[in-house]
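Atoms within a ligand are numbered from 1 in the order they appear, just like the ligands themselves.
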Amino acid sequence: MRVPFLDLAAQLETTRPEIERAVLDVVASGRYVGGPVLESFERAMADYIGVDHAIGVSSGTDALLVSLMVLDVGPGDLVVTTPYSFFATAGAVARLGAIPVFVDIDPRTFNIDPARLADWFEREPERRSRVKAIVPVHLFGQCADMSPMLELAASHGIPVVEDAAQALGARYPGGGANGSSGGAGGSIRGGTSGSRAGRGGSHGDRRAGTMGTLACFSFYPTKNLGAMGDAGLVVTGDPEAAERVRRLRNHGGHAAYRHPEVGGNFRLDTLQAAILAAKLQHLDGWHARRRERAAYYDEHLAIPGVELPAPAWGRDLHTYHQYVIRVADRRDALRQHLAARRIDTMIYYPVPLHRQPCFHHLAHPAGAFPNSEDAASRSLALPIYPELTPAMQDRVIEETDAFLRG
Ligand SMILES: *Cc1c(COP(=O)(O)O)cnc(C)c1O
């Protein structure tokens with residue numbers, strides 16, 4: 001039995017009629033850029049996430065780029081983020097001429113460590129005045145520890161941009177009607193926007209994307225909600241920021257051929273919006289199935305030599321975009337063992353961002369961010385998706401167990 005890492009063809013079998021109808025409707029409409037289908041998708045996303053404004057853009061990468069542009073990040077500015085993420089998180093910073101400043105992760109959660117962030121602000125009084133944004137990443141579908149970071153950011157008047165590319169639907173505990181989420185400088189003018197507090201979902205939890213001044217999502221095909229091509233989303237509670245994102249995605253124009261500033265073509269295709277709107281109906285069901293599979297792995301992979309992923313806020317608040325274990329010493333050998341038995345795995349991420357050749361000039365030696373480097377050398381992502389069958393999951397467990405005990 002082959003166990004693919006992800007099977008989008010299997011997913012299509014569960015959604016094909018709705019998707020085909022949505023695509024054909026757009027084709028027939030003749031409206032391929034913008035239009036009511038895009039607008040209704042944006043409203044559906046704003047409701048799902050619990051924010052006032054959602055703006056479709058061309059990719060998660062462009063969502064990050066535009067969000068930083070809204071905050072006027074430019075040459076010489078600093079943006080603090082994690083070294084353990086997909087490249088785009090730091091790439092967007094560098095593309096604006098700004099400098100990514102890395103703060104190491106919490107070894108348990110793979111997410112940026114708020115205590116280390118506070119340390120950096122303590123230790124770097126000069127450089128901290130040049131910080132234009134803090135960009136936590138909610139890695140693998142689990143929210144970073146936002147409360148202490150939002151407080152720190154607010155105390156320095158620095159906006160927070162959530163990289164929620166992997167975390168659509170994830171939640172963070174706390175909040176409620178008088179949640180502290182407004183504290184991060186909820187608007188781009190540095191004020192707080194009360195309208196955002198308490199809209200994060202049931203049980204007083206806050207949804208990924210509702211906590212920062214702006215937040216970025218990706219609909220890359222392998223994400224939990226995936227387009228059939230590239231697509232992304234920026235969300236914000238600040239009407240002024242929303243207006244600016246809309247402008248920047250359309251060459252900085254506010255009316256036809258009038259350009260107060262330079263933007264780009266960062267628009268979301270109407271076809272992708274239609275496909276995503278159809279798939280959004282399934283998303284919560286898919287998340288439930290991912291959680292079931294995570295619980296099953298948690299139960300059956302509790303074996304010597306495996307460190308299980310830590311659901312810091314509980315499994316129900318995690319969306320398990322990835323299920324990432326850590327293996328002492330023999331990670332690569334385990335991966336080969338599984339591959340030889342037609343079980344696909346992935347390594348997220350083999351090279352932390354501070355060790356990328358393009359950031360060589362930042363001069364971070366090996367060992368600069370030990371928790372990220374340790375994660376890079378020991379983490380292994382196992383297949384997890386709604387269509388993964390119990391028999392396939394048992395194969396993964398059996399062979400992992402056999403290798404580690406053998
Ligand atoms: C996928 C991803 C992005 C980029 O999204 P694209 O749509 O692929 O451009 C950014 N950050 C993280 C953490 C991601 O996982």
Looking at ligand 1, does any of its N/O atoms fall within less than 3.5 Å of an N/O of Tyr349?
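Between Tyr349 and ligand 1, no N or O pair is found under 3.5 Å apart.
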
Taking only Lys NZ, Arg NE, NH1 and NH2, and the carboxylate oxygens of Asp or Glu, determine whether [X] and [Y] approach each other closer than 4.0 Å.
| X | Y | result |
| --- | --- | --- |
| Arg395 | Glu399 | yes |
| Glu387 | Arg290 | no |
| Glu20 | Arg16 | yes |
| Glu292 | Arg315 | no |

Starting from [atom], find the nearest protein heavy-atom neighbour and note its residue, name and distance.
| atom | answer |
| --- | --- |
| atom 12 (C) of ligand 1 | Ala165 CB, 3.4 Å |
| atom 3 (C) of ligand 1 | Phe86 CD2, 3.6 Å |
| atom 9 (O) of ligand 1 | Thr61 OG1, 2.5 Å |

Looking at Thr89, which atoms of ligand 1 are within less than 4.0 Å of one of its heavy atoms?
11 (N)

Going by the atom numbers of ligand 1, which of them fall below 4.0 Å from some non-hydrogen atom of Gly60?
4 (C), 5 (O), 6 (P), 7 (O), 9 (O)

Please work out which of [options] has its closest non-hydrogen atom nearest to [atom].
| atom | options | result |
| --- | --- | --- |
| atom 7 (O) of ligand 1 | Ser218, Ala92, Gly91 | Ser218 |
| atom 2 (C) of ligand 1 | Gln166, Gln322, Lys223 | Lys223 |
| atom 10 (C) of ligand 1 | Thr222, Val137, Asp163 | Asp163 |

Output for pair (Arg293 CZ, Gln393 CD), nearest 0.5 Å, gives 6.5 Å

What pairs with His259 under side-chain hydrogen bond (donor to acceptor under 3.5 Å, both in side chains), at least two apart in sequence or on another chain?
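So His259 forms no side-chain hydrogen bond (donor to acceptor under 3.5 Å, both in side chains) with any residue.
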
Could you tell me if the side chain of Val161 sits less than 4.5 Å from the side chain of Cys216, heavy atoms only?
yes

Ser85: heavy atom below 4.0 Å from ligand 1, yes or no?
yes

